[in-house]
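A short write-up of the structure that comes next.
Please read all numbers here as calculations on a predicted model, not as lab measurements.
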Amino acid sequence: MNVMYFAWVRERIGVPQESVETEAATVNDLIAELSSREERYAAAFADTSALRVALDQELSDFGASLVGVREVAFFPPMTGG
Amino acid sequence: MNVMYFAWVRERIGVPQESVETEAATVNDLIAELSSREERYAAAFADTSALRVALDQELSDFGASLVGVREVAFFPPMTGG
Amino acid sequence: MHIRVQPEQFDAGAELNAFAQGRSDVGAVVSFTGVVRDTDGDLREMLIEHYPGMTQSAITKIAQEAVDRWVLADCLVIHRYGSLKPGEPIMMVAAAAAHRAASFEAADFLMDYLKSRAPFWKKELTSKGADWVAAKGEDEDALNRWR
Amino acid sequence: MHIRVQPEQFDAGAELNAFAQGRSDVGAVVSFTGVVRDTDGDLREMLIEHYPGMTQSAITKIAQEAVDRWVLADCLVIHRYGSLKPGEPIMMVAAAAAHRAASFEAADFLMDYLKSRAPFWKKELTSKGADWVAAKGEDEDALNRWR
């Protein structure tokens with residue numbers, strides 16, 4: 001699964017994207033798994049209310065299933081316009 | 001007193017402006033006086049709900065006093081923009 | 001505040017670019033351009049009459065109210081009169097502010113008031129003859145949004 | 001529908017002029033231009049990051065909703081990414097319709113959704129360092145106007 005990070009999430013985790021081997025069933029499970037691996041993930045994911053997630057390039061939510069998903073992206077609320 | 005007419009009011013009365021000698025106290029009085037003079041005025045002023053009036057280049061109303069007024073303009077509702 | 005009443009064509013894009021340039025407090029610019037529409041394909045000409053003595057002062061009053069109410073950095077109003085062809089710009093407004101809400105609301109306000117309170121009258125010439133454009137009740141109603 | 005996501009500067013006036021030309025059903029064009037603001041006089045650069053795989057499709061979805069909902073003749077969205085200087089345009093939208101209410105509402109809607117639903121993130125570089133621009137609660141609230 002391709003996992004991408006943008007803006008300060010990217011800076012905190014230190015890479016723009018990475019390939020992750022996981023059996024996580026939901027976005028929340030993936031966050032828990034990554035956070036348990038290394039402190040930089042735990043720091044980035046500490047407050048999910050300050051985060052947004054997209055699954056295969058569509059905005060989604062943290063309870064969503066990862067079945068069939070190829071790309072997960074984490075980022076702060078958007079500030080375009 | 002200078003009296004001006006715009007759009008279809010001008011067309012119905014037949015002149016864009018004219019000098020009018022009058023003792024009319026209000027706009028309504030002026031309308032009554034002009035309407036009694038000639039049919040073209042009566043036709044133009046028949047339905048004042050379809051008209052607007054400006055006194056010295058400020059929108060006003062038909063009950064307004066003409067004391068000190070130098071220019072009266074009659075026209076249909078504006079359609080700019 | 002920039003206000004122009006003129007018979008000549010104008011270039012809306014060039015006006016937009018020239019407007020509110022070089023001001024560091026401007027983050028948002030909204031423009032509106034009104035265009036001579038010819039939905040039925042039968043419009044030959046639009047004639048716009050105005051009340052020269054009143055036009056500039058009426059527009060200035062409306063624009064000043066917008067600037068005061070939304071703390072605009074600047075605003076622009078251009079309105080033509082005379083003979084216009086289908087597809088030509090009739091008028092434009094622009095409002096520049098720090099943030100988008102103010103620029104949108106101010107431009108919308110300017111349009112509502114110019115439509116019903118600036119002394120212009122439109123006449124359309126088609127193959128069927130010449131007709132004065134009638135004011136719409138909804139245009140007068142639109143003013144209630146700002147009271 | 002015209003949608004462009006690009007690092008290059010663009011000319012808002014030229015884009016406005018090119019947009020919705022030659023359509024006899026267009027009577028009203030509203031444009032919004034977002035500009036890099038430098039109120040404190042201390043901004044060196046604005047960096048805009050985006051999510052390339054998602055940006056075009058997210059904007060297309062928003063623009064299509066505007067076109068359907070307000071029966072627009074056309075709409076335009078341009079958004080930059082990369083390094084921008086104070087005073088430069090960040091993005092613009094334009095909406096063309098028969099009447100002014102539709103063009104105003106559609107442009108306002110486009111801005112509200114682009115602000116909170118298109119994957120862009122702004123970072124400001126000043127003499128004090130680099131800071132990601134925080135989303136405002138009011139930007140999320142603004143979306144409720146359209147539900």
Side-chain angles (χ1 to χ4, degrees), chain B residues 1-20 22 24 26-27 30-31 34 39-81, chain C residues 3 5 32-37 46-62 77-82 84 89-93 107-124 129-143:
Chain B
M1 178 181 290
N2 187 34
V3 184
M4 306 183 77
Y5 311 105
F6 292 96
W8 60 255
V9 183
R10 171 180 54 70
E11 292 177 338
R12 214 165 285 183
I13 291 177
V15 293
Q17 57 182 303
E18 58 190 332
S19 183
V20 173
T22 179
T26 68
V27 177
L30 175 62
I31 288 176
L34 290 171
E39 175 53 30
R40 60 193 169 109
Y41 293 103
F45 292 127
D47 177 12
T48 53
S49 76
L51 291 180
R52 300 290 180 268
V53 62
L55 302 183
D56 289 334
Q57 308 173 355
E58 292 265 359
L59 274 179
S60 188
D61 53 77
F62 294 99
S65 165
L66 293 179
V67 173
V69 170
R70 289 175 302 177
E71 183 169 295
V72 179
F74 293 104
F75 40 77
M78 297 144 169
T79 54
Chain C
I3 294 165
V5 180
F32 175 93
T33 312
V35 180
V36 180
R37 194 162 51 92
M46 174 176 276
L47 291 170
I48 301 182
E49 184 170 331
H50 80 125
Y51 180 177
M54 181 175 167
T55 313
Q56 187 84 20
S57 67
I59 297 177
T60 302
K61 203 196 280 184
I62 295 166
V77 178
I78 303 172
H79 205 303
R80 294 174 65 194
Y81 60 90
L84 285 71
I90 300 169
M91 53 86 64
M92 83 179 278
V93 308
D108 204 0
F109 168 92
L110 283 168
M111 282 310 303
D112 279 351
Y113 272 84
L114 288 171
K115 196 109 195 158
S116 303
R117 291 291 182 270
F120 293 96
W121 300 274
K122 293 189 185 116
K123 189 178 199 172
E124 291 178 335
D131 271 311
W132 290 99
V133 173
K136 295 180 191 143
E138 68 198 54
D139 289 334
E140 192 64 32
D141 295 343
L143 301 186

Exercise. Output the option from C:M92, C:R80, C:H79 having the highest count of non-hydrogen pairs under 4.5 Å with chain B.
Key: C:H79
Self-check item: Which atoms of C:I48 approach chain B - backbone, side chain, both or neither, heavy atom under 4.5 Å
Solution: neither
Quiz prompt | Nearest-0.5 Å distance that lies between atom CZ in B:F6 and atom OH in C:Y51 | solution = 5.5 Å
Quiz item: Side chain, backbone, both or neither: which part of B:A54 has a non-hydrogen atom closer than 4.5 Å to chain C?
Solution: side chain
Exercise. Output the option from B:M4, B:Q57, B:E58 having the highest count of non-hydrogen pairs under 4.5 Å with chain C.
Key: B:Q57
Quiz item: Which bit of C:A58 is near chain B, if near means a heavy-atom gap under 4.5 Å: side chain, backbone, both or neither?
Solution: neither
Self-check item: Geometric class of the B:F75/C:W121 ring pair [parallel <30°, tilted 30-60°, perpendicular >60°]
Solution: tilted
Practice problem: Please state whether the side chain, the backbone, both or neither of C:K136 comes within less than 4.5 Å of a heavy atom of chain B. | Solution: neither
Quiz prompt | Which of C:S57, C:G34, C:S116, C:G53 touches chain B most, by non-hydrogen pairs under 4.5 Å | solution = C:G53
Quiz item: What part of C:K123 lies closer than 4.5 angstrom to a heavy atom of chain B: side chain, backbone, both or neither?
Solution: side chain
Quiz item: Quick one: what part of C:R117 sits under 4.5 Å from any heavy atom of chain B, side chain, backbone, both or neither?
Solution: both
Self-check item: Smallest separation among heavy atoms of C:K122 and B:T79, with atom names
Solution: N-OG1, 3.0 Å
Quiz item: Rounded to the nearest 0.5 Å, what separation is found between the CE atom of B:M78 and the CD atom of C:E140?
Solution: 10.0 Å
